[in-house]
Amino acid sequence: MRDPSSPPAPAADASAHQPAAQATIAWISGPVMRATVAPGAVFRLREAIRVGPQQLLGEVIRVQSDEIVAQVYEDTTGLKPGVTIAGSGELLGILVGPHLLGDIFDGLLRPLRAVDAQGRALPHTQAPRHVLPGLSAAVNARMRFTPSVAAGTVLGAGAVFGTVERIDGTGRTQNAIVPPTCAGTVTNIAAPGEVAVDAPVLQLTDAQGATQAVALAHFWPVRTPRPVAARLPSDEPLVTGQRILDSLFPVARGGKGAIPGGFGTGKTILLESLAKGCNADVIVYLGCGERGNEMAGVLEEFPTLEDPRTGRPLMERTVIIANTSNMPVAAREASIYCAVTVAEYFRDQGLHVALMADSTSRWAEALREVSGRFGELPGEGGYPTYLASRLADFYERAAKVTTLNGATGSVTLLGSISPPSGDFSEPVTSHTKRYVRSFWALDAKRAQARFYPAVNPLQSYSEDSLDMAAWWQGVYHDVTTARARAASGENEWLELRRRVLTLLDEQARLERMARIIGKDALPARQRLALSCAELVNEAFLRQSAFSPIDRSASPQRQACMLRLLTHFIELAERAQDAGAAPEAIFGLDVLRPLQRMGEEIGEDALPRFAELEARIEASFEALQAKAAPTVATTTADH
């Protein structure tokens with residue numbers, strides 16, 4: 001959060017510069033307090049405040065004639081009536097800049113990893129064990145700046161004026177951009193070299209002759225969406241590497257998805273896998289109200305992981321915001337707005353960003369607790385009546401856009417939900433379904449069966465699937481190592497996806513019958529359908545997070561696998577029509593390689609799918625030749 005004692009930065013609106021106001025606490029309950037405003041002082045809604053001698057960070061929630069209601073984002077132990085509140089004159093905001101990438105912060109965007117004057121991480125033995133109360137988000141990072149414009153250049157809002165990289169040369173090279181509230185003619189610009197991210201490097205003069213100093217980092221209010229030139233429709237998916245998501249329930253790049261699931265269904269593990277394997281340029285991982293041991297695992301593991309696309313440390317394209325369940329509850333609300341503001345900043349550089357929020361239920365619980373202390377009338381489930389609008393405000397910040405400088409960027413929002421007892425009819429889940437287009441429902445029974453990802457294909461859906469059809473058809477057209485069916489004029493991906501989902505739906509219906517009369521009493525055609533559905537689950541929908549090959553799958557490998565599976569099913573149905581028993585079909589020696597192709601055929605061995613297909617066809621030819629005399633003999637006997 002921005003330190004109110006620091007020099008004011010360019011604000012988001014003309015009313016940002018207000019004289020510091022004073023108030024005195026009259027009543028306090030947990031993070032909520034009422035304060036009497038000093039004569040002549042003026043506070044405004046959503047203004048950042050500092051409370052008490054420790055300068056705890058808070059925000060004005062209500063403004064009345066001589067009283068304000070505020071919430072504090074830190075531990076309020078020790079505060080009492082009579083303590084002074086100081087206004088900042090600015091909206092609650094954060095300092096966004098290139099220094100955020102590759103670092104770890106708390107829910108108020110205060111660094112959790114101690115660094116030296118050059119921005120290098122200090123050893124754990126030298127780092128403080130706790131975040132001190134009232135700590136401001138001080139910035140002491142330095143980066144190498146290379147200008148790309150000269151004096152006299154006219155720059156608009158959001159324009160690129162240079163590039164920035166780490167001093168040691170690692171990590172992504174980022175664009176230095178003008179804040180959305182600034183524009184003018186360059187009158188001075190820093191020479192190439194090392195600069196502090198909060199030090200002015202550019203001076204602009206606007207049409208009225210006023211000068212503005214621009215640093216690599218700038219202030220932005222967290223509740224205000226950053227402006228864009230245009231919002232664009234998305235026709236390409238965010239590739240996650242998880243086959244059940246990409247091939248059956250894709251989410252658009254710049255789209256929004258929800259991952260609901262009860263306790264122990266693998267929400268956090270799935271989000272971590274998406275963060276490691278998706279094709280976003282930048283990952284913003286938000287732990288919002290989750291257990292401390294889970295976030296400790298994330299903080300310990302991510303800095304050691306390797307980015308599969310570049311071979312560099314994964315942390316170089318990741319921002320982690322940790323706000324665990326034992327931190328002040330009101331800070332959860334601020335953390336989710338901080339995270340999406342950080343994501344929008346990198347989007348404005350022309351990057352594709354994925355924000356993983358774990359979980360929005362904990363955020364909603366914070367709204368419920370603070371709302372109760374406000375004395376507001378509760379709505380469904382005890383949540384405030386404005387829960388739906390707050391969820392809409394958050395998810396609507398996801399988009400694929402044309403930025404102010406003409407580049408294309410996106411923010412994809414993926415939020416997990418923790419419904420009590422796995423009840424998807426509870427308020428947070430039901431309201432979230434209204435605003436997301438991809439819904440990945442995690443199933444407790446699949447999770448208990450050690451099925452990963454435990455996504456239930458019959459409860460999940462994707463409204464983006466039709467928009468992704470042309471992109472997927474291009475993938476299937478380019479993959480020639482497996483059987484191609486695009487020549488028929490149909491969209492092959494849509495057809496294969498429809499066939500798999502139909503088969504899985506039939507499996508659920510037949511399993512209910514089998515529980516009553518037994519599987520062996522079913523007709524041969526239905527026994528075959530059950531076996532084919534089990535094959536799809538084992539060979540395609542299940543992935544091993546422990547396997548270096550199977551933990552993630554490219555779209556090309558997914559296309560080869562799905563083609564091969566559906567071809568096997570077609571051959572199995574023909575063989576059954578020719579008289580082969582389902583038990584004989586699923587006793588073929590090619591079944592084992594087909595089940596294990598995800599773990600045995602890697603990205604660099606796609607031609608092996610064609611070899612496996614040839615083996616499958618040869619096995620079915622032999623099976624049909626063996627079954628044909630039996631059918632002829634039976635016919636002659638009749």
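The residues of the chain are indexed from 1 along the displayed sequence.
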Distance-only donor-acceptor check, side chains R223 and T341, under 3.5 Å: no
Minimum side-chain heavy-atom gap L248-L541 below 4.5 Å: yes
Any side-chain heavy-atom pair of V479 and F609 under 4.5 Å: no
salt_bridge(K276, E306) N-O dist < 4.0 Å: no
Closest contact, heavy atoms only, L377 versus T385: O-CG2, 3.9 Å
Pairwise side-chain contact, I569 with L503, heavy-atom cut-off 4.5 Å (strictly under): yes
Any side-chain heavy-atom pair of L510 and Q507 under 4.5 Å: no
Residue pair E365 / Y383, side-chain donor-acceptor N/O under 3.5 Å: no
Charged N-O contact under 4.0 Å between R563 and E613: no
Test item: side-chain donor near acceptor, E617 and H567, under 3.5 Å: yes
Ionic contact status for D281 with R317, cut-off 4.0 Å: no
Under 3.5 Å: donor-acceptor pair, side chain of Q595, backbone of A539: no
4.5 Å side-chain heavy-atom contact, D358 and Y285: yes
Expected output: side-chain S438 to main-chain P250 donor-acceptor under 3.5 Å: yes
Ionic contact status for K256 with E396, cut-off 4.0 Å: yes
Point-to-point distance, once rounded to the nearest 0.5 Å, from OG1 of T318 to CG of L101: 7.5 Å
Side chain R608, main chain E600, donor-acceptor under 3.5 Å: yes
V239 backbone acceptor or donor facing N279 side chain under 3.5 Å: yes
Main-chain N/O of E236 paired to K400 side chain as donor or acceptor, under 3.5 Å: no
Exercise: identify the closest heavy-atom pair between L442 and F424: O-CZ, 3.8 Å
Residues that W363 engages under ring-ring contact (aromatic ring centres under 6.0 Å, His included), provided they are two or more places apart: none
Side chain to side chain contact (heavy atoms under 4.5 Å, CB included) between E426 and E380, intermediate numbers included: CA-CA 9 Å; E426 60 90 32; E380 183 183 3; over 6 Å; no
Pair N537-R446, side-chain hydrogen bond (donor to acceptor under 3.5 Å, both in side chains): steps then yes or no: CA-CA 11 Å; N537 274 293; R446 291 171 83 90; 3.0 Å; yes
L274/M356 under side chain to side chain contact (heavy atoms under 4.5 Å, CB included): CA gap, chis, key distance, verdict: CA-CA 8 Å; L274 300 185; M356 321 294 185; 4.0 Å; yes
Presence of salt bridge, E463 and R437, under 4.0 angstrom: yes
Heavy-atom closest contact (I283 atom, A280 atom, distance): CD1-CB, 3.9 Å
Shortest non-hydrogen contact from P260 toward K267: C-CD, 4.4 Å
F263, CZ: over 12 other non-hydrogen atoms inside 6.0 angstrom: no
Side-chain donor or acceptor of R527 paired with backbone N/O of L522 under 3.5 Å: yes
Any donor-acceptor N or O pair under 3.5 Å, side chains S531, E534: no
Salt-bridge contact E599-R542 (side-chain N to carboxylate O under 4.0 Å): no
Side-chain touch V353/Y345, heavy atoms, less than 4.5 angstrom: no
Side chains of D423 and S425, donor plus acceptor under 3.5 Å: yes
Could you go through residues 545-560 and list every donor-acceptor pair under 3.5 Å that involves a side-chain atom there, pairing it with any protein atom two or more places apart or in another chain?
{"from": "S547", "atom 1": "OG", "to": "I549", "atom 2": "N", "distance (Å)": "3.3"}
{"from": "S547", "atom 1": "OG", "to": "D550", "atom 2": "N", "distance (Å)": "3.1"}
{"from": "D550", "atom 1": "OD1", "to": "R243", "atom 2": "NH1", "distance (Å)": "3.0"}
{"from": "D550", "atom 1": "OD1", "to": "R243", "atom 2": "NH2", "distance (Å)": "3.1"}
{"from": "D550", "atom 1": "OD2", "to": "S544", "atom 2": "N", "distance (Å)": "2.8"}
{"from": "R551", "atom 1": "NE", "to": "S547", "atom 2": "O", "distance (Å)": "3.2"}
{"from": "S554", "atom 1": "OG", "to": "R557", "atom 2": "N", "distance (Å)": "3.2"}
{"from": "S554", "atom 1": "OG", "to": "E603", "atom 2": "OE1", "distance (Å)": "2.5"}
{"from": "S554", "atom 1": "OG", "to": "E603", "atom 2": "OE2", "distance (Å)": "3.4"}
{"from": "R557", "atom 1": "NE", "to": "E603", "atom 2": "OE2", "distance (Å)": "2.9"}
{"from": "R557", "atom 1": "NH1", "to": "G598", "atom 2": "O", "distance (Å)": "3.1"}
{"from": "R557", "atom 1": "NH1", "to": "I601", "atom 2": "O", "distance (Å)": "3.0"}
{"from": "R557", "atom 1": "NH2", "to": "I549", "atom 2": "O", "distance (Å)": "2.7"}
{"from": "R557", "atom 1": "NH2", "to": "S552", "atom 2": "O", "distance (Å)": "2.7"}
{"from": "Q558", "atom 1": "OE1", "to": "S247", "atom 2": "OG", "distance (Å)": "2.7"}
{"from": "Q558", "atom 1": "NE2", "to": "D246", "atom 2": "OD2", "distance (Å)": "3.1"}
{"from": "Q558", "atom 1": "NE2", "to": "A553", "atom 2": "O", "distance (Å)": "3.0"}

Heavy-atom donor-acceptor pair, R332 side chain to R362 backbone, under 3.5 Å: yes
Minimum heavy-atom distance L238-L414, with the two atoms named: CD2-CD1, 4.2 Å
V251 to G257 - nearest heavy-atom pair and separation: CG2-N, 4.3 Å
Side-chain touch L270/Y452, heavy atoms, less than 4.5 angstrom: yes
Side chains of D467 and D235 in contact at under 4.5 Å (non-hydrogen atoms): no
Evaluation steps, side chain to side chain contact (heavy atoms under 4.5 Å, CB included), between I585 and Q576: CA-CA 8 Å; I585 295 172; Q576 197 272 336; 4.2 Å; yes
Steps toward side chain to side chain contact (heavy atoms under 4.5 Å, CB included) verdict (L612, F568): CA-CA 11 Å; L612 181 56; F568 177 91; over 6 Å; no
Face-on cation placement of K433 at F439 ring, 6.0 Å and 45° thresholds: yes
